[in-house]
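All remarks here apply to the structure that follows.
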Amino acid sequence: MPELPEVETVRRDLAESVLGLVIDSAEAYDEMILVGLTAGQFARRLAGKQIVDIRRSGKVLIIELSGGECLLVHLRMTGRLYPLPMGQAVPDHTRAVFHLSDGRKLVFVNPRRLGRLEIADCDRLAEAKLLRKMGIDALSEELDEQVVGEMLRPHSIVLKQWLLDQSHIAGLGNIYASEILHRCRLHPDTPANTLDARAARKLLRTIRRVLEEAIKWRGTTVSDYVTGRGVPGEFQKRLRVYGREGKRCRCRNCSGVIVRTTHAGRSTYYCPQCQPAAR
DNA sequence: AAGAAGTCCTGGGCGC
DNA sequence: TGCGCCCAGGACTTCT
């Protein structure tokens with residue numbers, strides 16, 4: 001499921017392969033994936049625009065176009081965005097196609113129709129639906145231990161759910177939330193507001209370390225995710241808890257066995273030995 | 001205002 | 001072989 005490292009990998013790949021190209025034309029086959037615009041408006045507003053920059057905020061890709069508008073892309077669970085190699089057929093569940101000036105097609109594939117595309121004014125991005133409620137990007141320099149401490153303080157919810165709430169720190173999803181908690185030895189049910197300054201600092205450092213490592217390995221592929229080159233990531237081989245129920249903890253000198261629980265209907269994995277329950 | 005619960009989406013895996 | 005059930009999870013809506 002594309003979380004920050006997966007979206008960042010797609011961003012880097014697209015920056016290499018499509019930056020500077022012109023979108024000759026664009027088609028949306030499914031209006032449900034469009035936020036606040038029709039398929040006709042989508043086609044008209046993108047035709048002839050050059051791709052001048054590709055940025056990212058949280059899990060949202062921000063494709064800056066000539067003329068001052070930005071195309072926002074949220075892959076959600078099953079979304080893929082990559083340029084189709086020449087001569088290859090458009091895959092099943094393609095919801096939108098961007099015809100590029102070098103003859104290739106950039107395809108937005110989305111089996112579960114959860115992904116979203118939005119067009120917004122580049123200098124009013126904060127008002128865009130896909131970005132409006134978003135907090136600070138997990139890798140942003142604006143995020144320091146003091147800010148994280150202040151974000152944690154008003155919330156009694158458990159850390160696992162706090163980490164998934166994009167209005168605090170943006171970019172984490174279900175896989176990395178479990179991985180991060182394991183690597184800083186915090187039980188997923190620890191109430192967010194019980195972390196002291198030291199624990200908040202450790203949490204922030206772990207978030208950065210895990211995300212950067214996952215970016216280095218080009219993201220985690222569990223089912224649908226592919227990079228901007230259309231191939232799977234590698235970080236799934238390095239997961240320590242996610243998807244490892246019943247298996248031995250990978251920590252040195254730990255004999256724990258990974259347990260799966262659920263929070264708000266989502267799987268959570270942890271090691272009861274490394275991550276003892278909060279007192 | 002925080003937080004909990006319900007909802008949406010659909011391919012794939014499973015049991016029978 | 002085919003049918004029906006359930007699961008995956010990101011984010012939004014609704015309710016307390």
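Note on naming: letters A, B, ... go to the chains in the order of the sequence lines (proteins, then strands), and numbering restarts at 1 for each one.
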> Rounded to whole angstrom units, what separation is found between the CE atom of Met77(A) and the P atom of dA11(C)?
Replying inline: 12 Å

>> Counting only side-chain nitrogens and oxygens, does Gln166(A) get under 4.0 Å of the OP1 or OP2 atom of dA11(C)?
In response: yes

>> How many whole angstroms separate atom CD of Glu31(A) from atom P of dC9(B)?
In response: 15 Å

> What nucleotide, of dC9(B), dA4(B), dA2(B), holds the atom closest to the side chain of His155(A)?
Replying inline: dA2(B)

>> Connecting only ILVMFWY residues whose side-chain heavy atoms lie within less than 4.5 Å of each other, what is the rest of Val259(A)'s hydrophobic cluster?
In response: Tyr270(A)

> Between the side chains of Ser267(A) and Arg260(A), does any donor sit under 3.5 Å from an acceptor?
Replying inline: yes

> Could you give the CD1-to-C1' distance, from Ile33(A) to dT10(B), as a whole number of Å?
Replying inline: 15 Å

>> Rounded to whole Å, how long is the line connecting atom CG of Leu159(A) with atom P of dG3(B)?
In response: 12 Å

> Between the main-chain N or O of Gly171(A) and the side-chain N or O of Gln166(A), is there a donor-acceptor pair closer than 3.5 Å?
Replying inline: yes

> Counting side-chain heavy atoms from CB outward, which of dA8(C), dA11(C), dA4(B) is closest to Arg266(A)?
Replying inline: dA11(C)

>> I want to confirm an ordering. Mapping Thr262(A) and Val60(A) to their closest nucleotides on DNA chain C, which one lands closer to the 5' end?
In response: Thr262(A)

> Taking the side chain of His74(A) as heavy atoms from C-beta outward, which of dA4(B), dT13(C), dA11(C) is closest to it?
Replying inline: dA11(C)

> Over how many whole Å does the gap from Asn174(A) atom CG to dG9(C) atom C1' extend?
Replying inline: 6 Å

>> Taking the nucleotide of DNA chain B with the nearest heavy atom to each, does Arg95(A) or His168(A) sit closer to the 5' end?
In response: His168(A)

> Is there a side-chain polar atom (N or O) of Ser156(A) under 4.0 Å from OP1 or OP2 of dG3(B)?
Replying inline: yes

> For His263(A) and dG3(B), what is the distance between atoms NE2 and P respectively, to the nearest whole Å?
Replying inline: 14 Å

> Is there a donor-acceptor pair closer than 3.5 Å between any side-chain N or O of Arg124(A) and the backbone N or O of Ala126(A)?
Replying inline: no

> Pick the nucleotide of DNA chain B nearest each of Gln161(A) and Met32(A); which residue has the one closer to the 5' end?
Replying inline: Gln161(A)

> Whole Å only: how far is the NZ atom of Lys133(A) from the C1' atom of dA2(B)?
Replying inline: 14 Å

> Is there a residue in residues 112-121 of chain A whose heavy atoms reach under 4.0 Å of DNA chain C, and which residues are they?
Replying inline: Arg112(A), Leu114(A)

>> Run the salt bridge (charged side-chain N to carboxylate O under 4.0 Å, His left out) test on Glu8(A) and Arg11(A) for me, step by step, so that the C-alpha distance in whole Å, both residues' side-chain angles and the decisive distance to 0.1 Å come before the verdict.
In response: CA-CA 5 Å; Glu8(A) 176 62 19; Arg11(A) 188 196 72 76; 3.0 Å; yes

> Only one of His263(A), Lys160(A), Gln161(A), Gln275(A) forms a side-chain hydrogen bond (donor to acceptor under 3.5 Å, both in side chains) with Asp189(A), so which one is it?
Replying inline: His263(A)

>> Using a 3.5 Å distance criterion without hydrogens, assess whether the side chain of Asn110(A) forms a donor-acceptor pair with backbone atoms of Gly115(A).
In response: yes

> Can you find a side chain N or O atom of Lys59(A) that sits less than 4.0 Å from OP1 or OP2 on dA11(C)?
Replying inline: yes

> Between dA8(C), dA11(C), dG3(B), which one does the side chain of Ser267(A) approach most closely?
Replying inline: dA8(C)

>> Check the phosphate of dC7(C) against Arg260(A), side-chain N and O only, distance under 4.0 Å to OP1 or OP2. Yes or no?
In response: no

> Closer than 4.0 Å, any side-chain N/O of Tyr225(A) to the OP1 or OP2 of dG9(C)?
Replying inline: no

> Asn193(A) has an atom CG; how far is it from atom C1' of dA2(B), in whole Å?
Replying inline: 11 Å

>> Under the side chain to side chain contact (heavy atoms under 4.5 Å, CB included) test against Leu65(A), which residue among Val52(A), Asp53(A), Leu46(A), Ile119(A) passes?
In response: Leu46(A)

